[in-house]
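Heads up: the structure comes next, in structure tokens.
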Amino acid sequence: MDLPDFRMPAGGFADPLELWSAAHQRAQRVGLLIRRLFDHAREQPPSDATRTTAAEIRRYMREAGPRHHADEHDNLFPRLRERLAALPRGRGRKTLALMTQLEHDEPELLRLWRQVDAALGCMDTQPPTEAQQAAAAEFVDRFLHHHHAEDQLLSGVAREVLTTTEPAEIGAAS
């Protein structure tokens with residue numbers, strides 16, 4: 001199975017919104033890889049490729065996922081919320097509601113991830129159970145939707161409302 005490309009975009013920390021978008025694209029590829037791996041594991045016995053892919057997914061989700069999440073919640077979202085709240089006539093209200101909804105989705109994503117992670121940890125010796133397959137399918141659907149919404153809806157708004165110096169400040173804080 002093909003592993004996602006984990007290279008950093010050319011702009012690096014100088015363009016944190018480009019990094020953020022690239023992280024969402026990687027996350028979406030990881031989500032699709034989880035789906036393919038679970039489909040494969042349902043039909044095929046464990047193999048070196050299965051074990052390697054499962055280990056790489058777990059590493060990505062344990063290392064990159066928490067860092068990305070922290071960057072959003074510590075550096076980007078507070079600034080974005082402040083700018084959106086200051087827009088005239090409630091123009092930012094819809095985006096603020098989306099941000100709140102995405103944040104409310106996170107505990108469920110974490111609950112589902114724990115089930116997927118447990119299944120990935122056993123994939124070297126046994127195929128996932130039906131319950132683990134269902135949890136993986138739900139996780140992937142929610143995970144893809146979550147990152148797509150952030151990337152497609154919030155990224156453009158962030159580029160519009162952040163001041164010219166804030167992206168550099170966010171990059172320096174990352």
Quiz prompt | All side-chain hydrogen bond (donor to acceptor under 3.5 Å, both in side chains) counterparts of Arg114, not counting sequence neighbours | solution = none

Practice problem: Could you list the residues that satisfy side chain to side chain contact (heavy atoms under 4.5 Å, CB included) with Val161, not counting sequence neighbours? | Solution: Leu80, Arg83, Leu84, Leu87, Val157

Quiz item: What residues, two or more places apart in sequence or in another chain, satisfy side chain to side chain contact (heavy atoms under 4.5 Å, CB included) together with Ala137?
Solution: none

Self-check item: By ring-ring contact (aromatic ring centres under 6.0 Å, His included) - contacts of His145 (at least two apart)
Solution: none

Quiz prompt | By side-chain hydrogen bond (donor to acceptor under 3.5 Å, both in side chains) - contacts of Ser155 (at least two apart) | solution = none

Self-check item: Pairs involving residues 144-159, ordered by first then second residue, that meet salt bridge (charged side-chain N to carboxylate O under 4.0 Å, His left out) (sequence neighbours left out)
Solution: Asp15-Arg159

Quiz item: What pairs meet the salt bridge (charged side-chain N to carboxylate O under 4.0 Å, His left out) rule with one or both residues in residues 128-138, with sequence neighbours excluded?
Solution: Glu138-Arg142

Under 3.5 Å, which donor-acceptor pairs link side chains of residues 118-128 to any protein atom two or more places apart or in another chain?
{"unit_1": "Thr125", "atom_1": "OG1", "unit_2": "Cys122", "atom_2": "O", "d": "3.3"}

Practice problem: If a pair satisfies ring-ring contact (aromatic ring centres under 6.0 Å, His included) and one of its residues is in residues 81-104, list it, with sequence neighbours excluded. | Solution: none

Quiz item: For Asp74, what residues pass the side chain to side chain contact (heavy atoms under 4.5 Å, CB included) criterion, not counting sequence neighbours?
Solution: Ala70

Exercise. List in chain and number order the residues that pass side chain to side chain contact (heavy atoms under 4.5 Å, CB included) with Arg42, two or more places apart in sequence or in another chain; answer none if no residue qualifies.
Key: Asp39, Gln133

Self-check item: Shortest non-hydrogen separation from His147 to Gln28 and the atoms involved
Solution: C-NE2, 3.6 Å

Quiz item: ring-ring contact (aromatic ring centres under 6.0 Å, His included) with His146: which residues, sequence neighbours excluded?
Solution: none

Quiz item: Between His68 and Arg26, is any pair of side-chain heavy atoms under 4.5 Å apart?
Solution: no

Quiz item: Below 4.0 angstrom, N of the basic side chain to O of the carboxylate: do Glu108 and Arg111 qualify?
Solution: yes

